[in-house]
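In what follows, a structure is listed as structure tokens, so that the remarks can point back to it.
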Amino acid sequence: VQLQAFGGGLVQPGGSLRLSCAASGSIFSIKYMGWYRQAPGKQRELVAGITSGGTPNYADSVKGRFTISRDKAKITVYLQMNSLKPEDTAVYYCNAVTYMDYWGKGTQVTVSS
């Protein structure tokens, strides 16, 4: 499985961004896809994920602000991020789980005025 992430950037507090993660390869074997983030000096943490059955889960810190979704072909997963805060600043990584973990290259999200 190969993952390609798009959509990071610089946004002011309160703004919005949408991240996309396009999967290719053995996508039929994907059981779960998620977005993680890692801020400087901190451990990588799960932000949001979605199962192959479409059930989402979110970190408490982003509930009500972020929404994860996917296209019908289950090829692309989106992370809509609203009401962004400076503490959301991090490198965001796309993840896919089959019988092993796959990671895309990170995309920087910076929330700053």
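Residue numbers count from 1 along this sequence. Remember, predicted model here, so these are calculated numbers, not experimental data.
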- Side chains of Met33 and Cys94: does their closest heavy-atom pair fall under 4.5 Å? yes

- Message: Counting C-beta onward and ignoring hydrogens, is there a side-chain heavy-atom pair between Phe6 and Thr107 closer than 4.5 Å?
- Response: no

- Rounded to the nearest 0.5 Å, the CG atom of Leu3 sits from the CD1 atom of Ile27 at a distance of 11.0 Å

- Any side-chain donor near an acceptor of the partner, Asn57 and Tyr32, under 3.5 Å: yes

- Query: Are side-chain heavy atoms of Val47 and Tyr58 found at a separation under 4.5 Å?
  - Reply: no

- Message: Any heavy-atom pair between the side chains of Val109 and Leu17 that's under 4.5 Å?
- Response: yes

- Item | Contact check, side chains of Thr55 and Ile50, non-hydrogen atoms, under 4.5 Å | no

- Task: Check whether NZ of the Lys or CZ of the Arg Arg44 lies under 6.0 Å from the centre of the six-membered ring of Tyr36 and within 45 degrees of that ring's axis.
- Result: no

- Message: Is the shortest side-chain heavy-atom distance between Arg65 and Asp88 below 4.5 Å?
- Response: yes

- Give a yes-or-no answer on whether the side chains of Thr89 and Glu87 include a donor-acceptor pair shorter than 3.5 Å. no

- Spacing of CZ belonging to Arg18 relative to OG belonging to Ser16, to within rounding of 0.5 Å: 11.5 Å

- Taking the side chain as every heavy atom from C-beta outward, state whether Tyr78 and Ile68 have any pair of such atoms under 4.5 Å apart. no

- Query: Do Gln38 and Tyr92 have side-chain heavy atoms sitting under 4.5 Å apart?
  - Reply: no

- Rounded distance (nearest 0.5 Å) linking atom CD of Gln12 with atom OG of Ser113: 7.0 Å

